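Okay, so here's the structure we're looking at.
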There are 2 protein chains.
Amino acid sequence: MSDNYHHGNLRQALIDAGVKIINEDGEDKLSLRKVAAACEVSHAAPYAHFKDKEELLAAIKSSVTERFMSELEKAEKKAQSAEQAILFMGQTYVSFFSNNPDYFKFLFASQKLVAHLEMDKEYPDDYPPFILLKQTYKKYLKEKDIKMDYKDQEAGLLKIWSSVHGLAAIACMTGVETSVDWNHIELN
Amino acid sequence: MSDNYHHGNLRQALIDAGVKIINEDGEDKLSLRKVAAACEVSHAAPYAHFKDKEELLAAIKSSVTERFMSELEKAEKKAQSAEQAILFMGQTYVSFFSNNPDYFKFLFASQKLVAHLEMDKEYPDDYPPFILLKQTYKKYLKEKDIKMDYKDQEAGLLKIWSSVHGLAAIACMTGVETSVDWNHIELN
DNA sequence: AAAAATATCTTGACAATGTAAAGATTGGTG
DNA sequence: CACCAATCTTTACATTGTCAAGATATTTTT
């Protein structure tokens with residue numbers, strides 16, 4: 001084996017190298033050629049696995065989103081009620097990005113997210129963290145036996161998400177204290 | 001006059017051309033050389049006015065922020081109370097970016113914003129839209145004669161801003177309906 | 001007004017990058 | 001073993017940001 005051909009699992013290695021570069025230097029410092037070099041393959045090798053840079057970036061984003069999801073799910077499981085789950089997930093949402101501000105820009109700057117507020121249908125292609133939030137919010141409404149107009153439910157869901165997402169955004173952009181009294185984020 | 005030298009007001013022309021390109025094609029399609037070409041000058045001409053690409057982008061951002069501020073101020077003046085002003089400004093905040101989603105990414109993706117929640121001091125370097133919001137929120141507290149703990153005031157300000165900013169973010173990323181019942185954004 | 005200094009612009013060059021094309025190497029399949 | 005498809009390399013080219021040297025216009029100085 002000439003040792004250069006057939007890396008073994010180049011696809012995953014490229015993704016991991018990409019995550020690392022974004023962590024250390026930010027997205028603007030990431031280039032296809034650097035990622036390839038980090039994996040010790042030629043600069044055009046990535047094209048066997050990704051159509052173009054955009055496709056590699058999408059794969060890296062998926063990878064980061066998985067980590068994000070895993071933390072959200074952990075938070076959800078730790079909670080003993082749907083209400084508490086929403087609170088924990090909100091805190092996790094903000095702290096995840098406060099701890100890695102680069103991820104926030106990276107995930108949300110260019111990526112188009114899919115998200116449907118409609119409460120009576122499921123959309124498997126929706127942004128996974130949003131799906132989890134929506135499910136938990138539904139549980140919460142059931143748990144508390146809250147009867148709301150259809151449109152108010154949508155508005156309530158959007159309110160929670162936008163509050164939390166906005167808080168994360170501002171925390172990342174300003175470095176502002178995130179030790180916020182979380183009672184203010186509460187659902188009402 | 002050899003007609004090529006001394007454009008007249010190249011600096012502003014470069015900024016305007018940059019805004020136009022971002023409007024039409026998005027930030028990733030913007031290059032120094034294209035901006036220069038749009039102004040019919042050589043590819044290195046911008047370096048007489050801007051240290052590097054980053055500095056031109058900063059100038060373009062300032063220009064867009066000015067438009068944003070002008071709309072916010074218009075909304076604020078239209079209102080007949082501070083409470084209504086916050087509502088109007090919130091609606092304007094969201095609709096401005098809903099109408100130009102490219103601006104949202106452009107303004108907030110790379111730019112570090114400065115913002116101080118402290119209610120008893122003024123920070124002239126804070127992000128102008130935030131300064132306006134903070135002032136209006138102060139007026140609102142006075143207007144309604146609301147007495148709050150210092151920390152609660154900060155939290156209230158942050159809550160309004162993050163709600164509105166988060167809503168704008170989600171509107172831009174998802175294209176979700178922004179015809180939200182604005183009562184939900186209200187201040188309490 | 002002539003000369004000198006400065007600001008503004010052009011030309012030419014270079015390195016980094018994304019990407020396409022052609023070919024080399026390898027592992028698997030019939 | 002022969003063949004094929006997947007994977008990787010090499011070569012090539014256009015785009016881009018940036019720098020350096022020089023040209024031209026404007027401003028300032030004398």
Side-chain angles (χ1 to χ4, degrees), chain A residues 1-63 102 105-106 109-112, chain B residues 1-63 102 105-106 109-112:
Chain A
M1 168 161 92
S2 108
D3 217 22
N4 264 350
Y5 281 77
H6 291 94
H7 174 284
N9 196 358
L10 181 57
R11 193 192 141 88
Q12 190 59 44
L14 290 167
I15 293 175
D16 294 342
V19 172
K20 192 178 174 202
I21 291 180
I22 288 173
N23 254 323
E24 294 171 353
D25 309 330
E27 181 180 3
D28 38 331
K29 298 297 172 195
L30 181 146
S31 77
L32 263 184
R33 294 170 103 108
K34 269 189 211 159
V35 176
C39 297
E40 291 175 314
V41 292
S42 76
H43 62 258
Y47 284 88
H49 302 274
F50 303 99
K51 181 175 142 286
D52 54 12
K53 187 183 180 183
E54 203 53 44
E55 208 170 274
L56 170 59
L57 283 177
I60 298 177
K61 279 172 194 169
S62 290
S63 175
D102 280 337
K105 287 185 295 182
F106 176 58
S110 60
Q111 202 178 25
K112 271 287 172 195
Chain B
M1 172 160 89
S2 107
D3 219 23
N4 261 350
Y5 282 76
H6 292 90
H7 172 284
N9 197 356
L10 181 57
R11 191 192 144 88
Q12 189 59 44
L14 290 167
I15 293 174
D16 294 343
V19 172
K20 192 178 172 201
I21 291 180
I22 288 173
N23 253 323
E24 293 170 355
D25 309 329
E27 181 179 3
D28 39 331
K29 298 298 172 194
L30 181 146
S31 76
L32 263 185
R33 294 170 101 108
K34 269 189 211 158
V35 176
C39 297
E40 293 176 310
V41 292
S42 76
H43 61 259
Y47 283 87
H49 301 274
F50 303 99
K51 180 175 143 285
D52 54 13
K53 187 184 181 184
E54 203 53 46
E55 208 170 275
L56 170 59
L57 283 177
I60 298 177
K61 278 172 193 166
S62 289
S63 175
D102 279 337
K105 287 185 294 183
F106 176 58
S110 60
Q111 201 180 26
K112 272 287 171 194

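These numbers come from a predicted model, not from an experiment. Atoms considered below: every heavy atom in the structure, side chains included; atoms not considered: hydrogens, waters and symmetry mates. Naming convention: chains lettered A, B, ... in sequence-line order (proteins, then strands); numbering from 1 in each chain.
Within the structure, every side-chain polar atom (N or O) of B/Lys53 is placed at least 4.0 Å from both OP1 and OP2 of D/dT18. B/Ser42 has no side-chain polar atom (N or O) that falls below the 4.0 Å cut-off from OP1 or OP2 of C/dT11. Side-chain N/O atoms of B/Ser31 include one lying less than 4.0 angstrom from OP1 or OP2 on D/dT16.
The NZ atom of A/Lys34 sits 16 Å away from the P atom of C/dT19 (whole-angstrom rounding). The separation between A/Lys29 atom NZ and C/dA16 atom P is 13 Å, rounded to whole Å. Here C/dT8 presents its P atom at 12 Å from CG of B/Leu14, a figure rounded to the nearest Å. One interatomic measurement links the two molecules: CG of A/Asp52 to P of C/dG18, which rounds to 11 Å at whole-angstrom precision. If you take CD of B/Gln12 and P of C/dT8, they are 14 Å apart, rounded to a whole angstrom. Look at CZ on A/Phe50: it is 13 Å from C1' on D/dT7, rounded to the nearest Å. B/Lys51 has its NZ atom 8 Å from the P atom of D/dT18, to the nearest Å. Summarising the geometry, the separation between CD on A/Glu55 and P on C/dT19 is reported as 11 Å, rounded to the nearest angstrom.
Listed nucleotides: C/dT17, D/dC8, C/dC9. Nearest to the side chain of A/Ala45: D/dC8. Side chain of A/Leu32, nearest nucleotide from C/dT19, D/dG17, D/dT9: C/dT19. Distances from the side chain of B/Ala44 to the nucleotides C/dT19, C/dT8, C/dG12 place C/dG12 closest. Here D/dT16 is the nucleotide among C/dG18, C/dC9, D/dT16 with the atom lying nearest to any side-chain atom of B/Arg33.
Inter-residue side-chain proximity for A/Phe106 and A/Ile60 is flagged as met; some heavy-atom pair is nearer than 4.5 Å. Using a 4.5 Å heavy-atom cutoff, the side chains of A/His49 and A/Glu55 are not in contact. No side-chain heavy atom of B/Pro46 sits under 4.5 Å from any side-chain heavy atom of B/Val35. Using a 4.5 Å heavy-atom threshold, the side chains of A/Val41 and A/Leu10 count as touching.
A donor and an acceptor atom never sit less than 3.5 Å apart when one is taken from the side chain of B/His43 and the other from the base of D/dT15. The base of D/dT7 lies outside donor-acceptor range of the side chain of A/Arg11, with no N or O pair under 3.5 Å.
Using a 4.0 Å heavy-atom criterion, one finds that A/His49 contacts the sugar-phosphate atoms exclusively.
Annotation: A/Lys20, atom NZ; neighbour count of heavy atoms from other residues, nucleotides and ligands within 6.0 Å does not exceed 12.
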